[in-house]
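For reference, the structure is listed below as structure tokens.
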Amino acid sequence: MPILEKYMIDKDYDFVIIDSSSTDKTKELLRKYDLNIITISKKSFNHGSTRNLGAKLAKGNILVFLTQDAIPTSNSIENIIKPLIESREVGLAYGRQIPHKDANFYSAFARYFNYPNENSLKSIKDVPYLGIKSIFVSNSFAAYKKDVLFEIGGFPSNVILGEDTYVAAKILKKGYKISYVADAIVYHSHNYSIWQEFKRYFDTGVFHNREKWLLNEFAKAEREGIRYVKSEIAYAFKRNYSATS
């Protein structure tokens with residue numbers, strides 16, 4: 001909260017808080033900043049339609065999406081919007097996620113694998129080389145140009161997850177670029193149980209089955225999956241070596 005407080009006070013930033021009927025006193029804490037707080041029922045929350053609601057209510061053309069469990073570091077907001085301001089070609093930017101100190105092995109590795117410490121810029125020309133990785137983004141911390149987002153139809157209105165992947169694909173197909181901003185950092189990780197991991201993989205499978213065009217047009221995920229496993233094994237050896245040396 002201290003990191004975000006300066007933006008809440010600065011009237012150049014327009015905050016839209018969508019609260020799905022929380023019970024942890026979040027709304028009470030935020031009301032002192034005179035923010036736009038929209039309360040919805042837990043049942044009506046959806047990763048796509050709820051974000052569309054927030055995007056439509058926001059006044060500016062640069063939209064920054066931040067989930068409640070992603071903790072930003074200093075200057076992360078300024079850094080993530082920079083590519084959108086500097087380039088007409090960039091329609092979407094996403095930041096770097098680093099694991100919390102209590103992150104388990106799998107959660108920590110997923111962050112290190114998917115969020116390197118170097119910037120990158122992805123376009124439709126990179127699809128043959130990057131495959132499915134070309135449309136990897138995360139709405140836990142991402143920024144969009146509002147006009148670009150709605151030019152491609154906004155987020156899908158009813159999805160279990162993957163609304164960010166869906167929109168990333170549409171943005172590349174439209175000719176825009178995606179910027180990964182390594183110095184726009186948030187702390188964000190989850191220590192999922194075996195059941196939670198299974199459910200997430202299952203939901204991902206359902207999403208790709210519904211949106212078959214994503215794999216058809218952006219290559220199959222097998223190659224990236226093999227690279228992930230190889231990197232995970234290497235990371236495990238490195239971590240064990242560091243712990244015993």
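What you are looking at is a predicted structure, and each value in this text was computed from that prediction instead of being measured.
- Linking Ile, Leu, Val, Met, Phe, Trp and Tyr residues whenever their side-chain heavy atoms come within less than 4.5 Å leaves Ile62 and Leu57 in two separate clusters.
- The shortest distance between side-chain heavy atoms of Pro99 and Phe109 does not fall below 4.5 Å.
- In the hydrophobic clustering of this structure, Phe150 groups with Val148; members are Ile, Leu, Val, Met, Phe, Trp, Tyr whose side-chain heavy atoms approach within less than 4.5 Å, directly or through other members.
- Atoms CG and CD1, from Leu35 and Ile37 in turn, are 6.0 Å apart once rounded to the nearest 0.5 Å.
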List the steps and the verdict of side-chain contact (heavy atoms from CB on, under 4.5 Å) for His188 and Asp69.
CA-CA 7 Å; His188 184 244; Asp69 56 351; 3.3 Å; yes
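- One side chain, Ser41 or Ser44, offers a donor N or O that lies under 3.5 Å from an acceptor on the other.
- Here the closest heavy-atom approach between residue Pro83 and residue Asn79 is recorded as CD-O, 3.4 Å.
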Given Val186 and Ser140, is the side-chain contact (heavy atoms from CB on, under 4.5 Å) satisfied, shown in steps?
CA-CA 9 Å; Val186 293; Ser140 291; 5.9 Å; no
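- Atom CD of Glu89 has 12 or fewer neighbouring heavy atoms from other residues, nucleotides or ligands inside a 6.0 Å radius.
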Check step by step if side-chain contact (heavy atoms from CB on, under 4.5 Å) holds for Lys27 and Thr39.
CA-CA 9 Å; Lys27 289 182 288 186; Thr39 300; 3.6 Å; yes
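- Criterion: ILVMFWY side-chain heavy atoms under 4.5 Å apart, direct or through other members. Under it, Leu30 and Ile40 are not part of a common hydrophobic cluster.
- For Tyr106 and Phe113, the ring centers sit 6.0 Å or farther from each other.
- One N or O on the side chain of Lys145 and one on the backbone of Val90 form a donor-acceptor pair closer than 3.5 Å.
- The distance from the CD1 atom of Ile135 to the NZ atom of Lys173 is 10.5 Å, given to the nearest 0.5 Å.
- When atom types are taken as modelled, the side chain of Thr50 and the backbone of Phe45 share no donor-acceptor pair closer than 3.5 angstrom.
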Go through the steps for Lys174 and Lys170 under the test side-chain contact (heavy atoms from CB on, under 4.5 Å), then give the verdict.
CA-CA 6 Å; Lys174 200 68 177 179; Lys170 292 284 188 178; over 6 Å; no
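- For the pair Leu63 and Ala58, the tightest heavy-atom approach, listed with the atom from each and the gap, is CD2-CB, 3.5 Å.
- Atom NZ of Lys59 sits in a sparse spot, with 12 or fewer heavy atoms from other residues, nucleotides or ligands closer than 6.0 Å.
- Contact annotation: the side chain of Tyr94 approaches that of Phe136 to within less than 4.5 Å [non-hydrogen atoms, C-beta and beyond].
- Looking at Ser134, its side chain does come within 3.5 Å of a backbone N or O of Gly131 through a donor-acceptor pair.
- For the atom pair CD1 of Ile38 and CG of Asn36, the computed distance is 4.0 Å after rounding to the nearest 0.5 Å.
- A distance-only check finds a donor-acceptor pair linking the side chain of Asn61 to the backbone of Asp147 [under 3.5 Å].
- Separating the CG atom in Asp126 from the OG atom in Ser120 is a distance of 8.5 Å, to the nearest 0.5 Å.
- A donor-acceptor pair under 3.5 Å is absent between the side-chain atoms of Asn75 and the main chain of Glu78, judged by distance alone.
- A donor-acceptor pair is defined here as one N or O able to donate and one able to accept, closer than 3.5 Å; no such pair exists between the side chain of Asn117 and the backbone of Ala182.
- Summarising the local packing, CZ of Phe15 is surrounded by more than 12 heavy atoms from other residues, nucleotides or ligands at distances under 6.0 Å.
- Judged by distance alone, the side chain of Lys122 and the main-chain N or O of Lys133 form a donor-acceptor pair under 3.5 Å.
- In the hydrophobic clustering of ILVMFWY residues, with side-chain heavy atoms under 4.5 Å counting as a link, Leu149 and Leu53 come out apart.
- Defined by atom type and a distance below 3.5 Å, a donor-acceptor pair is present between the side-chain atoms of Gln97 and Ser138.
- Using bins of under 30°, 30° to 60° and over 60° for the plane-to-plane angle, the ring pair Phe218/Trp213 lands in the perpendicular bin.
- Minimum interatomic distance between Asp164 and Asn139 (heavy atoms only, all atoms of both residues): OD2-N, 3.0 Å.
- In the hydrophobic cluster analysis, where Ile, Leu, Val, Met, Phe, Trp and Tyr join through side-chain heavy atoms closer than 4.5 angstrom, Val16 is grouped apart from Tyr33.
- Closest approach of Ala93 to Ile80, counting heavy atoms only: CB-O, 3.5 Å.
- Under a 3.5 Å cut-off, the side chain of Thr73 and the backbone N or O of Ile185 do form a donor-acceptor pair.
- Taking OH of Tyr112 as the reference point, atom CD1 of Ile98 lies at 7.5 Å (rounded to 0.5 Å).
- By the 4.5 Å heavy-atom criterion applied to side chains, His100 and Ile71 are counted as neighbours.
- Between Val167 and Pro156 the shortest heavy-atom distance is CG2-CD, 4.2 Å.
- The OG1 atom of Thr165 sits 7.5 Å away from the CD atom of Glu163 when rounded to the nearest 0.5 Å.
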Assess whether ring pair (Phe, Tyr, Trp, His ring centres under 6.0 Å) is satisfied between Tyr144 and Phe155, documenting all intermediate values.
CA-CA 11 Å; Tyr144 296 78; Phe155 297 109; 5.4 Å; yes
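- Contact check for Glu151 versus Ile171: no side-chain heavy atoms found under the 4.5 Å cut-off.
- Other residues, nucleotides and ligands place more than 12 heavy atoms under 6.0 Å from the CD atom of Glu28.
- Contact between Ile132 and Leu215 at its shortest, heavy atoms only, is CD1-CD2, 3.7 Å.
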